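Numbered from 1 within each chain, the chains take letters A, B, ... in sequence-line order. Here the structure is a predicted model, which means the values were calculated and not measured.
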Number of protein chains: 2
Amino acid sequence: MSVVRIRTRDEILRVAAELFTRYGFKGTSLHDIAAEVGCSKATLLYHFAHKDAILLALIEPARQSLIDLVARLAGVDDKGVRDAAIEGFVDLVLRYRREVALIYDVTPQFLQEPAFDRVRELTDALVAGFAGRSADLADQTAAKVLLAGIAAVVIDDKRDEGELRPALVVVARRALIPGKD
Amino acid sequence: MSVVRIRTRDEILRVAAELFTRYGFKGTSLHDIAAEVGCSKATLLYHFAHKDAILLALIEPARQSLIDLVARLAGVDDKGVRDAAIEGFVDLVLRYRREVALIYDVTPQFLQEPAFDRVRELTDALVAGFAGRSADLADQTAAKVLLAGIAAVVIDDKRDEGELRPALVVVARRALIPGKD
DNA sequence: GTCTATACTTCGATAGAC
DNA sequence: GTCTATCGAAGTATAGAC
């Protein structure tokens, strides 16, 4: 029945998230996941076409949130877009820390996956937001540095969201607000 | 003879660097390297104990430069350490762009390698330098963001060193110089 | 519709001949 | 120092049980 299907599928995702986070994507075999779930490798591949599809399913919610954020920023005027982008992105990566870590674990290997097709244009839009839609190359470079740096810190730093959030917003504002040095 | 040994070894490194850069570490098999070099897989593994050892040999010069930079920063006083760290790090990653990209390609998988044992303490020393040896958590967070962000941009951005260097130094200074927002 | 058994392919690595 | 042959493990694929 579909209840069982969903249960098994969810259990696979739960176990895979745990093992991918602990041992990395490449460090976790289908055999490992199947053993922990209590099923066979073939059962995994009944629910997911291949190993990659398990990871893509895990990061899908984060990807949707990124799409939503970029859509929201499109409606913000040039004056407010920088702050909206900074706060929106910091909130997003703090909310999806595990997913961000998984994405970093498998890039650049996964960048050619169809599911990643639009990710490049999404991050480009975010960079434009961080740069306040400036055409200046130095502003865009600063935006790229902050975007990648914030994501990396959220993965690596174990402090909780309450401590991390203000520090990340402050450094982004300080680096991206022009005419201060 | 040793001349031949060195020639083959160097050729393996040359080909491996090219293939790793183009297809990624995981996307390049020993078979691929051997075919391009014109030898067998067993010959590769005569010169290098395992596949990982080829990559470690490729990034060794960059690792040595990082050790040198950290040693140099230890002799700089608190007042000048931030600028020295920023300029030293930007120069280093621009000099070893290919190696930095290779490292990012294989982390976090390689972080447990013995050769990476001291890398964590080296980057910690660099973070302290970026933060001007401040004990403030917000300063240290800003330092981590800039360090990771600069490395990521150097990998991703195809502009040459002359264009990139000033933009990177400026954003780091702006973000890390306190009392400006 | 859900799952098992099993076979196929590729990969990193080893053994032993020359 | 280099080769051929082969191993074990991993990801993948499919036929068929229930």
Side-chain angles (χ1 to χ4, degrees), chain A residues 1-20 22-59 102 105-116, chain B residues 1-20 22-59 102 105-110 112-115:
Chain A
M1 302 298 283
S2 85
V3 173
V4 174
R5 182 186 70 229
I6 291 172
R7 273 220 196 109
T8 302
R9 198 190 134 93
D10 286 353
E11 182 67 3
I12 290 168
L13 287 176
R14 194 187 62 75
V15 168
E18 194 184 313
L19 296 181
F20 288 165
R22 198 174 322 163
Y23 305 108
F25 179 73
K26 209 208 146 204
T28 303
S29 72
L30 292 182
H31 175 269
D32 296 336
I33 300 171
E36 181 77 15
V37 171
C39 68
S40 71
K41 281 196 292 178
T43 297
L44 299 184
L45 295 167
Y46 167 75
H47 291 282
F48 300 92
H50 34 247
K51 191 188 179 189
D52 292 5
I54 301 177
L55 190 128
L56 290 173
L58 285 173
I59 64 180
L102 287 178
D105 184 26
V106 298
T107 44
Q109 181 200 337
F110 268 53
L111 284 182
Q112 61 233 35
E113 290 268 355
F116 275 67
Chain B
M1 300 306 280
S2 87
V3 173
V4 175
R5 183 184 66 230
I6 291 171
R7 273 220 195 109
T8 304
R9 197 190 135 94
D10 286 352
E11 182 66 4
I12 291 168
L13 288 176
R14 194 188 62 74
V15 169
E18 195 184 312
L19 297 181
F20 287 165
R22 197 175 323 164
Y23 304 109
F25 179 75
K26 209 207 145 203
T28 304
S29 72
L30 292 181
H31 174 268
D32 296 336
I33 301 171
E36 182 75 17
V37 171
C39 69
S40 70
K41 283 196 289 178
T43 297
L44 300 183
L45 295 167
Y46 167 77
H47 290 283
F48 299 93
H50 33 249
K51 191 188 179 188
D52 293 4
I54 301 177
L55 189 127
L56 290 174
L58 285 172
I59 63 180
L102 287 178
D105 183 27
V106 297
T107 44
Q109 181 199 338
F110 267 53
Q112 61 234 34
E113 291 267 357

Expressed in angstrom and rounded to an integer, what is the separation of [X] atom [atom1] from [N] atom [atom2]?
X        : N       : atom1 : atom2 : result
Ile12(B) : dG1(D)  : CD1   : C1'   : 11 Å
Phe48(B) : dT14(C) : CZ    : C1'   : 18 Å
His50(B) : dC7(D)  : NE2   : P     : 24 Å
Ile54(A) : dT12(D) : CD1   : P     : 9 Å
His31(B) : dT4(D)  : NE2   : C1'   : 14 Å
Arg9(A)  : dC3(C)  : CZ    : P     : 13 Å
Leu55(B) : dG12(C) : CG    : P     : 13 Å
Arg7(A)  : dG1(C)  : CZ    : P     : 19 Å

Under-4.0 Å side-chain N/O to phosphate OP1/OP2 contact, [X] with [N]:
X        : N      : result
Thr43(B) : dT2(D) : no
Thr8(B)  : dT2(D) : yes
His47(B) : dT2(D) : yes
Tyr46(A) : dT2(C) : yes

Could you please name the option among dT14(D), dT14(C), dT12(D) that lies closest to any side-chain atom of Leu45(B)?
dT14(C)

Give the nucleotide from the list dA13(D), dA13(C), dC3(D) with an atom nearest to the side chain of Lys41(B).
dA13(C)

Toward the 5' end of DNA chain C, by each residue's nearest nucleotide, Lys51(B) or Ala42(B):
Lys51(B)

Give me the atom names and distance for the closest heavy-atom approach of Lys51(B) to Phe25(B).
NZ-O, 2.9 Å

Closest non-hydrogen atom pair, Leu44(B) against Cys39(B)
CD2-SG, 3.9 Å

Is Tyr46(A) close to Thr8(A) at the side-chain level, that is, under 4.5 Å between some pair of heavy atoms?
no

Contact check, side chains of Phe48(B) and Ile12(B), non-hydrogen atoms, under 4.5 Å:
yes

Give a yes or no on whether a salt bridge exists between Glu11(B) and Arg7(B), defined as a side-chain N under 4.0 angstrom from a carboxylate O.
no

With heavy atoms under 4.0 Å as the rule, sort Ser29(B) into base, sugar-phosphate or nothing.
sugar-phosphate

